[in-house]
Every structure is written in C-alpha cells, then in structure tokens.
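In what follows, chains are A, B, ... by sequence order, proteins preceding strands, each numbered from 1.
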Number of protein chains: 2
Amino acid sequence: MVSIKKIASDIGVTAATVSNALNGKGRVSEVLASRIRARADELGYRPSSAAIALKSGRSHVLGLVMPDLTNPLFPHIAQALSIAADRLGFAILIADSRGSVEEQDLAISRLISRGVDGLLVVPQRGSSPASPTTPMTIINTASDPNNSVSADHWGGGAQMARHITALGHKKILIIGADAVSEVQQDRIAGMKSQLPYETKVEILWGTAGIEQAADHVSKGVSAILTTSDLLAINVHSHLTRAGFTVPDDVSLTGFDDMAFSAAMHPPLTTIAQDVDTLADYVLDIITAQIEGKASPHVGQTIAMDLVLRHSTTAPRSPSNKEPHP
Amino acid sequence: MVSIKKIASDIGVTAATVSNALNGKGRVSEVLASRIRARADELGYRPSSAAIALKSGRSHVLGLVMPDLTNPLFPHIAQALSIAADRLGFAILIADSRGSVEEQDLAISRLISRGVDGLLVVPQRGSSPASPTTPMTIINTASDPNNSVSADHWGGGAQMARHITALGHKKILIIGADAVSEVQQDRIAGMKSQLPYETKVEILWGTAGIEQAADHVSKGVSAILTTSDLLAINVHSHLTRAGFTVPDDVSLTGFDDMAFSAAMHPPLTTIAQDVDTLADYVLDIITAQIEGKASPHVGQTIAMDLVLRHSTTAPRSPSNKEPHP
DNA sequence: CTGTTAGCGCCTTCAG
DNA sequence: CTGAAGGCGCTAACAG
C-alpha cells in the first residue's frame, strides 16, 4: 500500500504538502501539485480509509439490517440503497437478523462495533430496535411509532380494495401471512377501509388461509386479496388444484410485484413499491441524522403503485349486477 | 466514543496496560485486569475498528460484488455468506455491478479503496475481473478458468437430464435465458451429456425460446428443460395459454429452486444449490488467500440437488414405450 | 508486573 | 507557498 509519505519522499516534500495538493486545498503551487498528482497515480495511490476514519471519526459506512435476507424484497431494497448510498459516498454493510430479535440486536451491536456511521433497519416483526448512540433509521410502516420512512402500505391496500370493488366484487376474502407483521396489518387495514359497508369480508391468516381459500370460493367469494405475491401464487396453486380458474372463477391479487408475478399465468395484479424513492428518502434521513440535522422526509410515506395485470376481472353472476363489455 | 485512554486515566494506568488487560495478554495482574474490565463495560467500551484496521492493516471486511442484486439467487448467497463471514469475524460490504463490466470494475475499485481484505465476486457474464493487489475469489462455474469455487452447474444439468430420460422422454427442448452466461452454458452442456444418442434435442434462447415453446410441444416435444425457475414459470405461462397442461402434456423443469417454485401449480421440479457449503468454501478460500496460504477448496465444485416435484412425469404415448403404473 | 515510546496514514493547526 | 508538529485509538517493542 502506497501512502502519502512515499509520494512525499519521492518528490522531496512533506506529507502535509502532498495531502494539501491531493485535496486541492489550493495551498500548493500548481506545478508542484500536478507533479504530486502525477506521481500519485503512477503509484496507484489510494487514501487509506482506515486512517481517514480514525482521524475524522466517520467511516462513511452504513449498516443495513434486514429481518431475513431471503425476503424477496431484500434484493430490490439492497440494490436501490447501495446505489443511492455510493452516490453519496457511503458503502453498505449487510447483516441478517435471522428471524429473531436477539439476532437483530446482535447484528446491530456488531455493526456499531464496526464503526458504522448509521444504521438502516427493517425491523423484525413486532420489534422496536433502538440505539442510544448511533443514528438509526427504521423502515417499516406508518403505524409503527418508530418508523422513519416507508412505503404507504395502507394506501396500497386501499388502492387494491378500490380496484376490486370497482370491478363489482361484493364477497371478498383477505389472506395475510402473519398477523404480527405491522406491514401486513397496515396493508389489510387499508383494504378494509375502502370496502363499502355491504361487502362481506373475511380475513384469514397463514397456511389456514391458503388451505381454506378454495372452500370460500365455493361459498361465493369472488375475489381474494393477499398481502404478498408469494402468498398469492400459493393460493393460486390451491385454487387450480380445486378446479377453480383465475380470474374467471375468482379474482386474485398479490403485493410487492416480485419478478415471477409478471411471468405466472395469469400475470398477477399486484402493488409495487417505489424502492428508488424509498432509498433516496432513507439516505436523506440517515445522512441528516448523522450530521445532526433534521430531514424533511422523516415520517413520510411513499405511494405504492397498482400494477394491473390479468388476475382480476369483474365477478360472474350473480353478484355482478352491472353489465360489462 | 469511549477510548482505551479514558479507561486508563480513570483507573490511573496507561493505555498500553488497559490494552493488555483487555486483550488478555497476561502481562497484567488479575486484580488490576478485572478492575479494568469492570470499568470498560461500565463505560460501554468498544474498540475502535478504524484504529485496529490502521494499526494492523486488516479491516476484517470483505467486499461482495454481484452482477445484479436483483438476481433471485443473491439473497441466498448473501445470507449464507454473511452468516459464514461473521462466524469468522468478517463483515460484508455489498456492491452491485449493475449489469455492466465497467460498473463491475468500478465497484471492485471502490471496494478496494474502502480497504477490504478480500473480494468475493460473482462475475458479470463473460467477464474476468482481476485484481493485482487484493485477494479475490471468483464464484462462477467450472468452465471459467478463473473460477475459484462454484456449484456444479454441469452436474446439475446432468442430473436433470438423467431424470428426464429415466422418465422416458425422447424429444426434448432446452431453453436458456442468455447464451453468453457461462453458468447456463455449463448447465446445458451437462444436460446434453446425459441424453442418449437417439433423443432429439433442440436448444433455444431467451424470449424466442419462451414464445416458441408451445409450438415445439405441438410438434412432439414431451419435456422442456430450462436453465432457471423464472424461465420455467414464464414458459409455463405460455404453455397453459396455448392450452397445454404441465406435466400431462409436457414435463417442465427449472433451476435454482426459488421460493415460488414450490408454491406454483404444479410445483416445479428443479435443481437446488447448496449455498451454505458454497459460502463455507468461499470463506475458506478467501481467508486462506488473505493469509497467503492455499486452500484445499480452490477449484472445487459443489454438488447440486435434484428437487423432485410435480412438473415432470413420464411422457404420454407414443414416445413412451414402457408401461408405467 | 507495569510504563514509556513509537508509529500505523492522514489531516489540521501553526510557523516559517 | 511549504514545513513541522501533533494527535485520532490502538498495540508491539522495549524499558523499568
């Protein structure tokens, strides 16, 4: 590793001068400076981030803690975050909280020991991680009091419900994966809020929900709203096994717009997150926090987009009273 | 940030003594040492990783460069790697090479500037990144001459082909996503190697392959082998749209065992990677490289597992000459 | 057993 | 315009 010193001795000046020249502090004559720069890239000089971190107290590294790296949303968030981060000169250290709050706390603690300048955490369901010392921004959902920023899960659910009632559905089944997830609760709350008083709704959770879906269709349910695409594809599988076809017999929707959702048959109507905007907001917030400022984005919520595909359509008689083309 | 010095002055000793006590170098009397330790955790002391990195020249950070964080395999690899890494005291910095070799080189360079001790790279298709200075291990496929370790893609393809010919299929279509991917080439080469001379094989690439799949089935193809689950679900969609059902009309297989593959209908027969073993090998190799040693795992290949589900079955007449239950 | 010194690579005064 | 000195937190080598 070639250091500032090597360059200095090569040229016959002091380390301080090299530092000044390389950082364009203007305190060095242009001729000397360019000679220094030339030698620097001849040697392939790279400033030592350890030294800078030590001196400045800032590592320019952010820690990203996710509940489960296996979560299909992780890639998108990680990608958007990593791109946004290095635009700002930050790198991202990843950690997996492996499904438990203990692991989550451990991960946070390890990251802090690593000297990260800030923490980005998507909390374990139902947990409220906190750090007294290191800035931390929480990406969860609006109903979490500690939430810093998030997609508008409630609004996404609301859009989906509006879409489905506009289609004329009056008997609906909602299936969630996990009742303790605040994100899913918000998604469902949003759905319910937009369903007219007369429409019948039932909510089911987890595998029970998946298995009972077909029964409910037999009993007249004409649309099934789920809180994730993975859940939806699962339900779809049970439905077709039971002899129902989507969307002719039942409409079906997901959430998150995973890669496979456009590829399955029928392509799934779902709700997409704007991860790029999310990433920008998150970084804005964390960098503000690091600098002790306040970000305008704290507490904001990012609109989700309804992605219309072919798994939803108007219900068949008798619940569909309006004619349709 | 409480430093070693603070503890030292609190207790009335020198920084060096505190360092010795905390690192159990034995040069400190047990009484003093425990007094020091006590004060240290009262104060919540954490060694500064920047200082240690500066002093030792080792950051204990590894850089992970992937072609596209959006790749559905990334989560699994990242997770396995991050878990294996922190068992060994390493953290992982992620970078996305965003689909281009230039970005890949940039990412590598940025990571090196960050002072990573080693680089883990899943190379951009067809590229051969190299670093003169920083240890680097390449995770690609056996046919890449720079490959350090990888799943046995060839062997996976071979298993799949054996499975399909054992079922009695004699007219087969192979669909790959991208011909320049060495991984996919190896997967396909493995498949072809195990197909008896008499069986008819055709290979198609990309969207063309997806769109022509149904035609080929009309012309007698009884099994379609793809190089990824995502491709498979896509093909499945086109097939059902054309009125064919899987596996009754055609058998269909994927690769990678994504989350949705078990959930779709029918559940997809596919090939799974043993990412945990992969991660262990990768870390073994990179740490060996960092220490200037040689790892026994270099050049090794990790067996893939055939995951039998319900998208494959024996072909219907006329190509199936043996009776089956 | 404990202290002192010095230096990792860099930058920021403060002098010259 | 350039140099010298000091220090970020830590540890190794060398005293005492």
Testing the 3.5 Å rule here: is there a donor-acceptor pair between the side chains of B:Asp186 and B:Thr141? yes
Look at B:Thr17 and C:dG3 and indicate whether a side-chain polar atom (N or O) is within less than 4.0 Å of OP1 or OP2. yes
Can you tell me how far C1' of D:dC8 sits from CD1 of B:Ile4, to the nearest Å? 13 Å
Are A:Ser29 and D:dT2 close enough that a side-chain N or O sits under 4.0 Å from OP1 or OP2? yes
Taking the side chain of A:Ser3 as its heavy atoms from C-beta onward, which of C:dC10, D:dG9, C:dC11 lies nearest to it? C:dC10
Using whole Å, report how far CG of B:Leu22 lies from P of D:dT11. 8 Å
May I have the distance from A:Lys6 (atom NZ) to C:dC10 (atom P), rounded to whole angstrom? 14 Å
Within less than 4.0 Å of OP1 or OP2 of D:dT11, is there a side-chain N or O belonging to B:Asn23? yes
Side-chain N or O of A:Lys5 less than 4.0 angstrom from OP1 or OP2 on C:dC8? yes
For B:Gln104 and B:Ser127, does a side-chain donor sit closer than 3.5 Å to a side-chain acceptor? yes
Going by the side-chain contact (heavy atoms from CB on, under 4.5 Å) test, name the single residue among B:Thr287, B:Leu283, B:Leu81 that passes it with B:Leu62. B:Leu283
To the nearest angstrom, how far is A:Asn20 atom CG from C:dC14 atom P? 15 Å
Hey, which sits more toward the 5' end of DNA chain C by its nearest nucleotide, A:Pro47 or B:Ala16? B:Ala16
Reckon B:Thr14 has a side-chain N or O less than 4.0 Å from the OP1 or OP2 of C:dT4? yes
Along DNA chain C (nearest heavy atom to each residue), the more 5'-positioned of B:Ala15 and A:Lys55: B:Ala15
Considering only C:dG3, D:dG3, C:dC11, which nucleotide approaches the side chain of A:Val13 most closely? D:dG3
Angle class for the B:His60/B:Phe90 ring planes (parallel below 30°, perpendicular above 60°, tilted otherwise)? tilted
